[in-house]
Amino acid sequence: MDGWAWRIPFLLGGVLSSGGVTASNSSSLTSTGSTWATDQWAGEGVYVDSTGAGGQQHRRIVGNTTNKISISPNWSTTPSTAQTFQVAR
């Protein structure tokens, strides 16, 4: 997702949820302590907003559990546990 257009919801305050990455792999991130409904965020976007390894990436959410977000396509660099994220439309 090149360019800046996908950032507009985040810049305009359209954030639905946010938190810290407590675990991740090539196709998901986990935020321990979250209590989301199953697939609550499916179809929304997630942005890893910190700088550093795995930061500043945006992906489409394909599903979620109570504390894990699954994305597509895979991360180009797996986010580290030092990263924070935001979910937005």
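Keep in mind that this is a model prediction, so the values were computed, not measured.
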Where do [X] and [Y] come nearest, in terms of heavy atoms and distance?
X     : Y     : result
Thr78 : Ser24 : CG2-OG, 3.1 Å
Val62 : Ala42 : O-CB, 4.0 Å
Ser17 : Val15 : O-CG1, 3.4 Å

So, Asn67 and Thr30: side-chain donor and acceptor under 3.5 Å apart, yes or no?
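On atom types as modelled, these side chains do not qualify, holding no pair under 3.5 Å.
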
How many angstroms lie between atom [atom1] of [X] and atom [atom2] of [Y], to the nearest 0.5 angstrom?
X     : Y     : atom1 : atom2 : answer
Gln86 : Ser18 : CD    : OG    : 6.0 Å
Gln57 : Asp49 : CD    : CG    : 11.5 Å
Ser28 : Ile61 : OG    : CD1   : 11.5 Å

Can you tell if the side chain of [X] reaches within under 4.5 Å of the side chain of [Y], non-hydrogen atoms only?
X     : Y     : answer
Val48 : Leu29 : yes
Ser72 : Arg59 : no
Thr81 : Thr22 : no

Can any side-chain N or O of Ser31 pair as donor or acceptor with the backbone N or O of Ser34 at less than 3.5 Å?
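A pair under 3.5 Å: no.
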
Audit row: Val87, Ile69, side chain to side chain contact (heavy atoms under 4.5 Å, CB included) steps and yes/no
CA-CA 10 Å; Val87 174; Ile69 291 174; 3.8 Å; yes

With Gln40, which residues qualify under side chain to side chain contact (heavy atoms under 4.5 Å, CB included), at least two apart?
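With sequence neighbours excluded, Gln40 shows a side chain to side chain contact (heavy atoms under 4.5 Å, CB included) to Trp36, Ala37, Asn64, given in chain and number order.
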
Residue pairs passing the salt bridge (Lys or Arg N to Asp or Glu O under 4.0 Å) test where at least one lies in residues 16-33, sequence neighbours excluded:
none

